[in-house]
Amino acid sequence: FFFSSRRRHTRCSGVSWARRCVQETDIGDSLGSVHVYSLNIISRQLTVTNITTITNKEFVNDPINNVLPMPFQQRRIIVHSRDNCLRSIDYTSNSHDIVQHYFGSKSAKIAIKSAISPDGQYLISGSENGKAYLWDIASSLQLDTSNFELGFKGSLTDVAWNSKYHMVAVSGFGDEYPILVYIWERDKDQMELKQLEDKKKGKGSRVLDDSKLDDELNIYMDRVESEDDEIFGRSKKKRK
């Protein structure tokens, strides 16, 4: 990929996949543009075609920190520019419509990174103030992240979301900051409450007493822990 101006250089890229073949790649540059290319392999030869270049007066001349293709949505991306804002952009038409803005994260001096949950519902970002920011993508509602025990005095520079599990890794800049990994797990109380709510609403054909409900919950939790063993490659502590 070549740019016509020496002042313009690649800052980041995002790739969309389908059936193991690359369909499109989105490249953010240092002057606030996102270049979208289609990639096709025909007879073992790679063909690259420029589909469109996304520009907008809101982030013109602001370096692009990150470009994130939206899961399950063709030609919609999250653009993280260095103006303290992330944007959801639809480029199915030539207008390149901004669908949502996501505010809160500080990113004016450092190339702060962001990530999307595997189900495409949530967006997480680092920040120059050492905090993690989380949004509901559809509504742009900022969600509470106070349970993230970070303690970063400097910038939280990078985040990553596991592609198949609600597992998030975050890191800061400097040797004194370890990589922290957070895992969301529904505890037994939450499962029991959900079962009781379903029973009250008349969902399902069976009515369980408390002892049978506990038995079913234990069977379910055993299955979840077995799946966790396969994911993490080690056994978890037995429940009390």
Side-chain angles (χ1 to χ4, degrees), residues 1-19 21-41 46-128 133-143 157-161 163:
F1 306 102
F2 298 97
F3 297 134
S4 59
S5 172
R6 292 184 178 180
R7 294 180 58 237
R8 190 184 300 275
H9 56 271
T10 301
R11 297 290 305 179
C12 58
S13 62
V15 179
S16 301
W17 296 81
R19 296 181 181 178
C21 295
V22 179
Q23 282 190 319
E24 294 181 1
T25 182
D26 313 299
I27 299 177
D29 69 24
S30 56
L31 296 180
S33 297
V34 178
H35 309 266
V36 183
Y37 295 88
S38 67
L39 296 88
N40 295 296
I41 299 177
L46 177 63
T47 302
V48 180
T49 305
N50 180 234
I51 298 176
T52 186
T53 297
I54 300 171
T55 58
N56 192 283
K57 61 182 181 181
E58 290 189 12
F59 51 88
V60 64
N61 293 325
D62 291 318
I64 305 298
N65 286 345
N66 220 6
V67 180
L68 305 169
M70 286 286 295
F72 317 114
Q73 296 190 49
Q74 291 186 349
R75 300 203 167 181
R76 179 168 292 190
I77 57 177
I78 299 292
V79 176
H80 189 169
S81 54
R82 203 174 295 184
D83 63 342
N84 300 323
C85 183
L86 295 85
R87 297 169 179 85
S88 173
I89 297 179
D90 188 320
Y91 62 94
T92 52
S93 64
N94 293 329
S95 58
H96 305 155
D97 299 323
I98 296 178
V99 181
Q100 291 286 7
H101 294 78
Y102 308 94
F103 296 106
S105 170
K106 305 301 179 185
S107 177
K109 299 178 181 179
I110 300 176
I112 301 295
K113 298 300 183 180
S114 45
I116 298 175
S117 63
D119 57 9
Q121 295 188 44
Y122 303 103
L123 173 64
I124 189 171
S125 174
S127 178
E128 291 174 0
Y133 289 84
L134 182 69
W135 299 271
D136 176 86
I137 288 181
S139 66
S140 74
L141 178 67
Q142 186 174 323
L143 306 176
T157 55
D158 207 351
V159 295
W161 206 312
S163 61

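Model, not experiment: these values are computed from the prediction. The basis for the numbers below is simple: all heavy atoms, side chains too, and nothing from hydrogens, waters or symmetry mates.
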From [X] atom [atom1] to [Y] atom [atom2], the distance as rounded to the nearest 0.5 Å:
| X | Y | atom1 | atom2 | value |
| --- | --- | --- | --- | --- |
| H80 | S105 | NE2 | OG | 4.5 Å |
| L143 | L134 | CG | CG | 4.5 Å |
| I112 | D158 | CD1 | CG | 9.0 Å |
| I78 | R87 | CD1 | CZ | 11.0 Å |
| I51 | Y91 | CD1 | OH | 6.0 Å |
| F103 | D83 | CZ | CG | 8.0 Å |

To check you understand the geometry: which heavy-atom pair defines the closest contact between [X] and [Y], and what is its length?
| X | Y | value |
| --- | --- | --- |
| G104 | W135 | N-CZ2, 4.4 Å |
| I137 | G120 | CD1-O, 3.6 Å |
| L123 | A115 | CD1-O, 3.4 Å |
| D26 | P69 | OD2-CG, 3.7 Å |
| S107 | N65 | OG-ND2, 2.6 Å |
| G32 | I64 | CA-CD1, 3.9 Å |

Going by an N to O cut-off under 4.0 Å, is there a salt bridge joining E128 and K109? no
In plain terms, say whether R76 and D90 are close enough for a salt bridge, that is, a side-chain N and a carboxylate O under 4.0 Å apart. yes
Is it the case that the side chain of [X] and the backbone of [Y] share a donor-acceptor pair, with hydrogens and angles ignored and the cut-off at 3.5 Å?
| X | Y | value |
| --- | --- | --- |
| T53 | H35 | no |
| N50 | V36 | yes |
| Q142 | Y133 | no |

Do I116 and Y122 come within less than 4.5 Å of each other through their side chains, counting heavy atoms only? no
I27 side chain near V67 side chain, heavy-atom distance below 4.5 Å: no
Would you sort out whether I54 and I77 count as a side-chain contact (heavy atoms from CB on, under 4.5 Å), showing the intermediate values? CA-CA 11 Å; I54 300 171; I77 57 177; 3.8 Å; yes
Do H96 and T52 get their side chains close enough for a donor-acceptor pair, meaning under 3.5 Å? yes
So V60 and T55, side-chain contact (heavy atoms from CB on, under 4.5 Å) or not? Walk me through it. CA-CA 7 Å; V60 64; T55 58; over 6 Å; no
